[in-house]
Amino acid sequence: MIRDIDGGMTAATRLAGGAPLETTLDVTDPGDWLALDAAVREVAWYRGAAKPDGHPSLPLPADLDGFDESRLALTLCHRNGWTRQGAVSRAVRYPRLLPLVVVRSADWAGPVREAARQVLRETLDADSAVRVAPLLLRVGRKERGAFGTELLGRVLRGASREHVALLFADPDRNVRRFAYRLAVDGGLLGPAELARAAVGDPDSVVQDVCATAALSALGDEKGAYEKDVNEEVLSALLSARNPRTRSAGVTGLRRAGRPGRAEPYLTDGSGLVRACARYVVRQHGVDPADWYRRRCATADTPGSTPGATPGATPGPPPGAVIGLAECGDRADAELLRPLLTHPDARVRARAVAGLRTLDCVDPRQIRPLLDDPSAHVVREAVTALLPGAADLPSDWLAERTGPGHPRHVRLGAFRLLDASGGIAALRAAVALLEDQEMKLRTWAGQSVQRWHPSPDLWGQNVEEVGELLDRSRHLFSDYVLSRRKWEAGLRG
């Protein structure tokens with residue numbers, strides 16, 4: 001693989017010496033061809049010239065017919081447009097040079113560009129199109145590169161399904177996107193195949209394209225075959241790890257006439273999936289808010305919830321807790337507050353998030369959760385308390401930034417102190433500048449650098465502010481340090 005311009009120049013020099021293409025670059029990697037094209041321009045091509053950096057000159061015979069494959073590859077990248085144009089017509093003899101013809105099809109020089117395009121029109125077939133598809137699409141993102149993408153589409157639309165399928169496994173996500181869109185437009189894949197592709201491909205665009213197409217192709221269940229296909233499609237989509245794909249499966253339950261199957265997804269870990277499930281069950285006459293209230297008001301049997309861990313603590317699924325907040329009203333806060341002390345940390349975290357969603361946060365109830373053993377719960381508590389951080393007791397927060405507390409508690413307490421501002425924030429930040437915890441040290445330094453005294457505290461604690469700023473002088477220039485002191489009321 002050619003990783004940089006120096007590697008490309010080394011490859012160009014080796015080709016000039018007659019080295020075979022396959023030993024000089026990865027002929028399957030679009031990046032290597034583009035790197036070679038860029039690197040050749042850095043090598044002196046003029047007869048008798050030599051670059052100061054020591055790279056040899058590459059003399060050019062007048063008769064291009066005398067060139068072998070390696071030398072013709074270099075000539076296709078030559079800085080002179082007439083030379084490139086002459087090389088394009090001769091490249092037809094060497095099929096392995098087709099990638100460089102693709103590069104020339106987006107050449108800045110019109111005659112070179114048109115010559116390369118004519119060669120591609122005449123020689124590009126299904127087999128060669130698959131081989132150079134990654135390069136065609138990459139060049140297609142350049143100025144004047146749209147021709148290659150359009151030609152690739154025309155060739156592959158007339159190709160067999162097997163040719164297009166070869167691109168489904170390409171490591172380049174843009175190639176897979178192109179191939180799946182082509183397959184969807186041409187009806188090359190059935191609903192079940194599209195669903196499996198949506199579940200199996202790691203790219204979100206491919207997932208959306210295939211999931212949408214799979215749902216659009218669902219039958220009306222008039223026959224056993226259609227029912228089997230629909231079941232396979234829905235089962236695949238509903239099992240997807242990606243929330244967008246899973247939500248497509250939930251939405252598809254309504255079209256398939258199975259809204260009852262959406263109920264378990266009301267407690268899904270993804271808000272998008274929960275929202276889709278609420279939409280589906282409403283069409284079935286179920287009020288999702290009442291459904292959530294029943295589960296938050298009573299303890300479920302362990303393992304009764306789909307996906308629950310056997311032996312788990314009885315109680316509402318975490319998704320039901322936040323789901324109630326998403327579609328309930330402020331009165332539902334009374335169902336969520338008791339869950340702040342639930343044994344399951346996931347339920348406690350969702351209860352805090354739910355109260356914040358309902359705008360029913362009582363700092364007196366949330367404050368104790370800053371000492372929670374779960375980092376997730378503490379993060380939710382900090383987020384809920386941030387709007388009123390200035391009203392929290394600074395000494396209580398500062399004590400929790402000390403080394404005797406768990407890391408997540410220290411981080412959460414400092415985040416609240418930093419948001420509260422004032423002398424307490426500066427005091428805590430300076431104290432942490434040499435802390436053993438790297439993240440706290442970093443946050444503390446950033447906090448000190450952006451600290452400014454608030455107008456209502458101007459002139460107060462002047463001596464302490466000056467001392468604290470002096471202790472952190474390594475974070476400021478002399479001018480900025482004096483400016484900070486002046487803002488605090490320090491003179492001289």
Side-chain angles (χ1 to χ4, degrees), residues 264 266-271 274 278 288-402 404-417 419-420:
L266 289 168
T267 61
D268 193 90
S270 163
R274 291 194 300 272
R278 288 194 290 270
D290 287 341
W291 191 94
Y292 286 131
R293 290 182 186 114
R294 290 195 297 272
R295 278 146 186 81
C296 290
T298 60
D300 291 341
T301 302
S304 64
T305 303
T309 303
T313 303
V321 178
I322 188 64
L324 175 58
E326 290 167 342
C327 67
D329 53 44
R330 290 173 63 88
D332 292 316
E334 297 306 316
L335 289 173
L336 300 186
R337 289 193 178 100
L339 300 177
L340 294 173
T341 58
H342 193 276
D344 189 334
R346 298 172 303 165
V347 174
R348 296 196 302 276
R350 293 298 201 177
V352 176
L355 290 170
R356 180 167 54 86
T357 300
L358 293 171
D359 195 22
C360 293
V361 172
D362 184 343
R364 294 170 300 178
Q365 295 175 326
I366 304 299
R367 266 182 54 190
L369 293 176
L370 284 179
D371 293 320
D372 197 278
S374 167
H376 187 192
V377 175
V378 172
R379 284 194 298 270
E380 289 291 355
V382 170
T383 303
L385 292 171
L386 275 175
D391 298 326
L392 297 174
S394 58
D395 292 343
W396 182 83
L397 290 173
E399 191 273 329
R400 278 156 179 75
T401 64
H405 291 270
R407 178 179 183 271
H408 64 275
V409 173
R410 300 181 70 202
L411 290 169
F414 180 72
R415 187 179 172 196
L416 289 169
L417 271 173
S420 67

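Both backbone and side-chain heavy atoms feed into the values below; hydrogens, waters and symmetry mates do not.
Remark: L416 CG to D391 CG distance equals 11.5 Å, nearest 0.5 Å. Rounding to the nearest 0.5 Å gives a distance of 12.0 Å between SG of C296 and CZ of R350. Here I322 contributes atom CD1 and T357 contributes atom OG1; the two are 4.0 Å apart, rounded to the nearest 0.5 Å. Rounded to the nearest 0.5 Å, atoms CG (L355) and CZ (R330) are 10.5 Å apart. Distance CG/L385 to CG/L397: 8.5 Å, rounded to 0.5 Å. Atom CG of residue L335 and atom CG of residue L358 lie 10.0 Å apart, to the nearest 0.5 angstrom.
When atom types are taken as modelled, the side chain of R348 and the backbone of P343 share a donor-acceptor pair closer than 3.5 angstrom. Of the possible polar contacts, one joining the R295 side chain to the W291 backbone as a donor-acceptor pair under 3.5 Å is found. Distance alone, capped at 3.5 Å, places no donor-acceptor pair between the R293 side chain and the L324 backbone. Not a single donor-acceptor pair under 3.5 Å links the side chain of R278 to the backbone N or O of L266. With H405 contributing its side chain and D371 its backbone, the two residues share no donor-acceptor pair below 3.5 Å.
Between L370 and W396 there is a side-chain heavy-atom pair separated by less than 4.5 Å. Under the 4.5 Å side-chain criterion, counting only non-hydrogen atoms from C-beta, E326 is not in contact with P288. Proximity of R346 to V321: side-chain heavy atoms (C-beta onward) are nowhere separated by under 4.5 Å. Between H342 and P316, some side-chain heavy-atom pair lies under the 4.5 Å cut-off.
For the pairing with V352, the side chain to side chain contact (heavy atoms under 4.5 Å, CB included) check across V361, L340, V347 returns one residue only, L340.
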